[in-house]
Amino acid sequence: LVKKVRADRGFIILKNGEDQFSPPLFSFNLSPQDMEKFRSSFSRLNGELTSLSEPIYSTSGKNGLFFESEEGISSLLLIPLKMGGEVKGLLYLDREQNGSPANSFRRDELNLAVAFAEIMALKVAEIENRKLGEENLRLKEQLKDKSAFSNIITQNSDMMEILWKLHQVKDTNLSILLEGETGTGKDQVSKAIHYNSNRKNKNFVV
C-alpha cells in the first residue's frame with residue numbers, strides 16, 4: 001500500500017483491550033524515536049482514537065494530531081480498521097513535503113487506502129476469531145484432562161464400582177442422577193462423564 005500510494009511513512013496498529021493499542025503490527029520508514037512519539041501521542045488521544053468513526057485526512061501539516069510541530073508533513077491519513085462499528089486498529093500514512101507544499105495524497109490514493117483498511121479489518125477479525133477458537137479448544141482440552149476418569153484417584157471399592165458403571169453408560173442417552181453430600185465430588189464426576197463421552201465436543205452446562 002505504501003508503494004501504491006507513494007507514502008513516505010506508515011504503520012498499522014491494533015487495539016489491545018478497551019482503550020489501549022498494542023505496539024505497531026507493521027511500520028515503514030519510521031525510526032524508534034518516531035514510534036515513541038506516536039506512542040506518546042496515542043496515550044494522549046486514546047479515547048478519541050478508539051471511537052474514531054471516519055478517516056482523518058490532513059493537508060495542513062500543522063494539525064498537531066501526533067507531533068507538536070508537523071511542518072515537515074504535507075499530507076497525512078489516519079484510517080480506523082472497523083468491524084461492526086468497533087475500531088479494531090488504525091492505519092496511518094503520511095507524505096513529507098520534500099520542498100513541495102502541494103505534495104498531498106490524491107483522491108484515488110485515498111480511496112485505495114480506505115479499501116485496503118476495510119480488507120485489513122476483515123483480516124483482523126478473522127485472526128481474532130481464530131484465536132478465540134484456539135483458546136476455546138485449549139480450555140476444553142485442559143478441562144478434559146482435569147476431568148478425565150484417570151484423574152479421579154481412589155482406592156475405595158464403592159467408588160471404583162461407581163466409575164465402572166459410569167464407563168458403561170457415558171455414551172448412552174440415559175439421564176444420570178448423582179447423589180451425595182457436599183464435597184464428595186459430584187461435580188468432578190459429572191465433568192468426567194461429559195468429557196469422556198461422545199458429547200465431549202459440545203458445551204458442558206453446569
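The shown structure was predicted, so the numbers you read here are calculated from the model rather than taken from an experiment. Numbers here are sequence positions counted from 1.
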Enquirer: What I'd like to find out is whether the side chain of Val114 reaches to under 4.5 Å of the side chain of Glu118, using heavy atoms alone.
Expert: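 Answer yes - side chains close enough.
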Enquirer: Determine yes or no for a side-chain-to-main-chain donor-acceptor pair under 3.5 angstrom, with Asp94 supplying the side chain and Ser75 the backbone.
Expert: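 No; zero donor-acceptor contacts below 3.5 Å.
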Enquirer: Hey, does the side chain of Lys186 reach the backbone of Glu181 with a donor-acceptor pair shorter than 3.5 angstrom?
Expert: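 Yes, because the side chain of Lys186 sits within donor-acceptor range (under 3.5 Å) of the backbone of Glu181.
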Enquirer: Nearest 0.5 Å, please: how far is CD1 in Ile162 from CG in Leu178?
Expert: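 One finds 8.5 Å between CG of Leu178 and CD1 of Ile162.
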Enquirer: I'd like to know if the side chain of Ser27 reaches the main chain of Leu30, judged simply by a donor and an acceptor atom lying under 3.5 Å from each other, with no hydrogens or angles considered.
Expert: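 Side chain of Ser27 to backbone of Leu30, a donor-acceptor pair under 3.5 Å: no, none is there.
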Enquirer: Rounded at 0.5 Å granularity, tell me how far NZ in Lys200 sits from NZ in Lys170.
Expert: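 Atom-to-atom, Lys200:NZ and Lys170:NZ are 8.0 Å apart.
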Enquirer: In the single-linkage hydrophobic clustering (I, L, V, M, F, W, Y; side-chain heavy atoms under 4.5 Å), do Val5 and Tyr57 co-cluster?
Expert: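 Yes, because Val5 and Tyr57 connect within a single hydrophobic cluster, where side-chain heavy atoms sit under 4.5 Å apart.
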Enquirer: Could you check whether Lys82 pairs with Glu86 (Lys NZ or Arg NE/NH1/NH2 to Asp/Glu carboxylate O, under 4.0 Å)?
Expert: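 Not counted as a salt bridge, because no side-chain N and carboxylate O are separated by less than 4.0 Å.
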Enquirer: If only atom types and distance count, is the side chain of Asn196 paired as donor or acceptor with the main-chain N or O of Ala192 below 3.5 Å?
Expert: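 Side chain of Asn196 to backbone of Ala192, a donor-acceptor pair under 3.5 Å: yes, one is there.
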Enquirer: Thinking salt bridges, do Glu128 and Lys131 make one under a 4.0 Å N-O criterion?
Expert: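 Result for this pair is no, no salt bridge flagged.
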Enquirer: Looking at Phe116 and Leu91, what are the two nearest heavy atoms and their distance?
Expert: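 Nearest heavy atoms, Phe116 then Leu91: CD2-CD2, 4.0 Å.
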Enquirer: Taking the side chain as every heavy atom from C-beta outward, state whether Arg107 and Leu112 have any atom pair closer than 4.5 Å.
Expert: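 A side-chain contact is absent here, since even the closest heavy-atom pair is not under 4.5 Å.
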Enquirer: Using 0.5 Å steps for rounding, measure from the OG atom of Ser197 to the CD1 atom of Ile176.
Expert: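 Atom-to-atom, Ser197:OG and Ile176:CD1 are 9.0 Å apart.
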Enquirer: Hey, does the side chain of Asn156 reach the backbone of Asp158 with a donor-acceptor pair shorter than 3.5 angstrom?
Expert: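 At least one qualifying donor-acceptor pair exists.
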Enquirer: In terms of hydrophobic clusters joined by side-chain contacts under 4.5 Å, are Met83 and Ile127 together?
Expert: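 No: no chain of side-chain contacts under 4.5 Å links Met83 to Ile127.
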Enquirer: Would you indicate whether the side-chain heavy atoms of Arg106 and Arg6 approach each other to under 4.5 Å?
Expert: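 Side chain of Arg6 against side chain of Arg106, heavy atoms only: contact under 4.5 Å found.
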Enquirer: Does one hydrophobic cluster hold both Leu174 and Ile193, with members joined at side-chain heavy-atom distances below 4.5 Å?
Expert: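 Hydrophobic grouping puts Leu174 with Ile193.
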Enquirer: Short question: side chain of His194, backbone of Lys202 - any donor-acceptor pair under 3.5 Å?
Expert: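 Checking the backbone N and O of Lys202 against the side chain of His194, a donor-acceptor pair under 3.5 Å is found.
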Enquirer: Given Leu93 and Arg9, is the side chain to side chain contact (heavy atoms under 4.5 Å, CB included) satisfied, shown in steps?
Expert: CA-CA 6 Å; Leu93 298 166; Arg9 304 186 303 176; over 6 Å; no
Enquirer: Is there a path of hydrophobic side-chain contacts, each under 4.5 Å between heavy atoms of I/L/V/M/F/W/Y residues, joining Ile79 to Ile119?
Expert: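 Ile119 and Ile79: separate clusters.
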Enquirer: Val87 vs Leu81, test: side chain to side chain contact (heavy atoms under 4.5 Å, CB included). Steps then yes/no.
Expert: CA-CA 6 Å; Val87 175; Leu81 307 177; over 6 Å; no
Enquirer: Can you list the steps and then say if Arg138 with Glu134 is a salt bridge (Lys or Arg N to Asp or Glu O under 4.0 Å)?
Expert: CA-CA 6 Å; Arg138 185 183 66 80; Glu134 289 171 354; over 6 Å; no
Enquirer: Output, in order, the C-alpha distance, side-chain angles, deciding distance and verdict of side chain to side chain contact (heavy atoms under 4.5 Å, CB included) for Leu14 and Val124.
Expert: CA-CA 8 Å; Leu14 301 182; Val124 169; 3.6 Å; yes
Enquirer: As a quick check of understanding, evaluate side chain to side chain contact (heavy atoms under 4.5 Å, CB included) for Glu161 and Leu166, giving each step before the final call.
Expert: CA-CA 9 Å; Glu161 185 178 353; Leu166 294 179; over 6 Å; no
Enquirer: Once you round to the nearest 0.5 Å, how far does CG of Leu77 lie from CZ of Phe105?
Expert: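 The distance works out to 6.0 Å.
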Enquirer: Calculate, to the nearest 0.5 Å, the distance between atoms CZ and CG belonging to Phe28 and Asp8 respectively.
Expert: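 Rounded to the nearest 0.5 Å, the CZ-CG separation comes out at 8.0 Å.
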Enquirer: If you apply the rule salt bridge (Lys or Arg N to Asp or Glu O under 4.0 Å), what do you find for Arg95 with Glu109, and how did you get there?
Expert: CA-CA 12 Å; Arg95 196 179 276 176; Glu109 292 169 333; 3.1 Å; yes
Enquirer: On a heavy-atom basis, which atom in Ala117 and which in Pro80 lie closest, and how many Å separate them?
Expert: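 That would be CB-O, 4.4 Å.
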Enquirer: Under 4.5 Å between side-chain heavy atoms, counting indirect links through other Ile/Leu/Val/Met/Phe/Trp/Tyr residues: same cluster for Tyr195 and Trp164 or not?
Expert: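 Result: no, two separate clusters.
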Enquirer: Which pair of heavy atoms, one from Leu1 and one from Ala113, lies closest together, and at what distance?
Expert: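 Nearest heavy atoms, Leu1 then Ala113: CD1-CA, 4.0 Å.
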